[in-house]
2 protein chains.
Amino acid sequence: MPSRRKQQAKDTATVIDFAQRGAVHTADDHSTAVTIGLNAAIVAVSDEVPQVTVVRRPGERSSGDADAPDDSDGLPFGPFEPAQHRTLELGLRTWVDEQTGLTLGYTEQLYTFGDRGRHAADGDHSPQVVSIGYLALTDETDLASGTDTVWQPWYQYFPWEDWRSGEPDLIRSVIHPLLKKWSKEAPDRAGQRQRWDRACQCFGFETSRWDEEKVLERYELLYEAGLVFEAQRDRPHLHADKIDMVRPPLGAPMIHDHRRILATAMGRLRGKLKYRPVVFELMPAAFTLLELQRTVEAISGVRIHKQNFRRLLEKGGLVESTGEVSTKTGGRPAALFRFRREVLRERPAPGVKLPSRGPRIKSP
Amino acid sequence: MPSRRKQQAKDTATVIDFAQRGAVHTADDHSTAVTIGLNAAIVAVSDEVPQVTVVRRPGERSSGDADAPDDSDGLPFGPFEPAQHRTLELGLRTWVDEQTGLTLGYTEQLYTFGDRGRHAADGDHSPQVVSIGYLALTDETDLASGTDTVWQPWYQYFPWEDWRSGEPDLIRSVIHPLLKKWSKEAPDRAGQRQRWDRACQCFGFETSRWDEEKVLERYELLYEAGLVFEAQRDRPHLHADKIDMVRPPLGAPMIHDHRRILATAMGRLRGKLKYRPVVFELMPAAFTLLELQRTVEAISGVRIHKQNFRRLLEKGGLVESTGEVSTKTGGRPAALFRFRREVLRERPAPGVKLPSRGPRIKSP
DNA sequence: ACTATATATACTCAATATGAGCATAAGGAG
DNA sequence: CTCCTTATGCTCATATTGAGTATATATAGT
């Protein structure tokens, strides 16, 4: 025990020394040098379809179809160059502009991932990449030509996340049985129960309800269960017995941990909708209330009650009429609205609340 | 315009090349090498006082008093060593144990900060440190001896955040007038209004209400207004005219951006309380309901309604009686409760809800 | 012009959640 | 045994929420 104390004191001294040097390592101190990758999930919604920018790499496509998603696709990303960019977010904005031609409006840092083995498929010992994920919203849908960046519907990567027409068939027919099987493969009784409990909570089986915000939890579960392509790619030895599975198993894959970052982005955006007026970043200047509702539904993946949605908008003072109407809607013309930017000064948490967790609206 | 397009395509190609190399730079590629610092705000609550572990550096103290907070104090932190730690969180846990003797239970990543100038006081060009902040909770209050780590009350660093006995005098007497002054110093009319609106929203002036979660927003505002020590330390040229101000101006300072990380931790914890049962990480195995309430109040900094608090606990099934009672309370003996871990499997968001944003309870 | 069929918008109603308070119970100190 | 203190049970008005009905106003087709 005395030796342990001594050890502690020594290690502490090391760290304090690190601190006193101003937290700065000299350039030739390789031991802690790490490359930082900035990753952006850039989201737009067009025609009730949430889209995300994806960089395609034509050289190494596994499918012949140039439009089909491919496991060499990924989010736009690039390195953080401290010498040129004062802050992380400025670095991100700069090269997103260069790469896609988009000028980012709303951006938000999501999470910093540093797992080894999520990036490098072959467990090498090359310098680690720590990736910082960002969410960015835009209402532009034009990408600079001459790039390999394209918009892709985000539900292509997460087909189980779109509940707008009720529970996706995929869940009952594929996910439910495979997760049941995975639960039974746990070594002991407690582990089996734990796995199944988790599956229920994630996907709303049995007594649990679907929670549209748990996008990341669901993806991580599928990853651990070896049901997404990336799991088999990263840890082929663990999933050797599942080699017969259809490829891509569930949803379209992405390089590295990009699908995980996209999952984080989706979950965060779905949550943020409810207490911040972020939807309007995805809308044109003027819109009908139904268009706004459809955008919210597209992102959250669930249907919401029309009249109550309007009531909340009114009470929150989130929108104001422009006086004009749109006749493109089919039936009675809809009044056009604009976002009332003033609410940002007035109310503390002006979101577009979704139904909390009660039963959901049936699809139309 | 054509040249712009060409430029874009070229830059894109560069990034794609980066991507195709597997997002891995060779060891001698110094341009993007960055040191990653892992920072932990480790929180415990004892006797209704939220405490945070602070590392003191005796060598360079500005005050003679060894117990007084000092601008050479900071959160425990250390470098991320990719070679030794598989994930960021494992790295954090390892050296927090070594440094403080604490074994972290609940931990949560907060945010990744990368601002130059927040770390390096003298705007040097040494390699950048990107710091990843973590929040960790514990119910142990023993620190390993032989270290320079001590517990400090967190309201020492944020005296304006404790509203348990009503609005702190500091706000009306110091913060309000100084922010008013700062608002008037804006170059134009719109800027003045913008500054004051922000101050009102942050501190609940005029029509706004106090929102206990906006800890970071408030600290950032005070930083920008030059009212905290760190602002004057980092950018002395901007605050030359305020040289006469008392030092430390508002709250105790910390090294680097550690007070910002602590602010992030406080805000996140205050928010998390409401929808996750994290308080119990700070409680002993058995506790009375008032002890639990006092802990919630200590963290959130506001008083809550006793009977309603109990009603929520019951309805949520968060606790169960142990059958025993505690007579240490003064009046009628209080039943002892324990946390019902099962709720984690049952309910989706079992938090300890605080009053949302209505008027608050008067202090007792 | 009339009808069917869209959607838009206004209003109602029950169930539940929330904020605030009163009333009673059960210990200890004097 | 009286007072003080905290615990715990219960009530009540109000706000919020989920869900539905009723009416308005356009277009398309006959």
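Chain letters run A, B, ... following the sequence lines, proteins first, then strands; residues in each count from 1.
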Could you check which of D:dT21, C:dG19, D:dG9 has an atom nearest any side-chain atom of B:Gln307? D:dG9
Checking contacts here: which listed nucleotide (C:dA8, D:dG20, D:dT8) is nearest the side-chain heavy atoms of A:His305? D:dG20
hbond_proxy A:Glu314 side chain to C:dT9 base (donor-acceptor, 3.5 Å cutoff): no
Within 45° of the axis and under 6.0 Å from the centre of the six-membered ring of B:Trp210, does NZ or CZ of B:Arg218 qualify? yes
Of B:Asn308 and A:Arg310, whose closest DNA chain C nucleotide lies nearer the 5' terminus? A:Arg310
Regarding A:Arg294 and A:Glu297, does a basic nitrogen lie under 4.0 Å from an acidic carboxylate oxygen? yes
Do the ring planes of B:Phe205 and B:Trp196 sit parallel (below 30°), tilted (30 to 60°) or perpendicular (above 60°)? parallel
Might you confirm whether atom CD of A:Glu167 has over 12 heavy atoms from other residues, nucleotides or ligands at distances under 6.0 Å? yes
Got a donor-acceptor pair under 3.5 Å from the side chain of B:Arg311 to the base of D:dG9? no
Is there a side-chain contact between A:Lys306 and the phosphate of C:dT9, meaning an N or O under 4.0 Å from OP1 or OP2? no
B:Leu313 CG - D:dG9 C1' separation (whole Å): 15 Å
Protein heavy-atom contacts under 4.0 Å, written 5' to 3' over nucleotides 24-30 of chain D as B (base), S (sugar-phosphate only) or - (none), form the string BBBS---
C:dA17 P sits how many Å from B:Ile304 CD1, rounded? 19 Å
Heavy-atom count check: over 12 atoms from other residues, nucleotides or ligands less than 6.0 Å from A:Asp169 CG? no
With distance as the sole test, does B:Arg268 use its side chain to make a donor-acceptor pair with the main-chain N or O of B:Leu135 at under 3.5 Å? no
What is the distance, rounded to the nearest whole Å, between atom CZ of B:Arg303 and atom P of C:dA20? 15 Å
The ring-ring contact (aromatic ring centres under 6.0 Å, His included) partner of A:Trp160 among A:Trp163, A:Phe158, A:Tyr157 is A:Phe158
Please work out if B:Leu290 contacts a base, only the sugar-phosphate, or nothing of the nucleic acid, heavy-atom cut-off 4.0 Å. sugar-phosphate
Please report, rounded to the nearest Å, how far the P atom of D:dG9 is from the CZ atom of B:Phe309. 15 Å
Taking atom C1' of D:dG9 as reference, at what distance in whole Å does atom CG of B:Leu312 sit? 16 Å
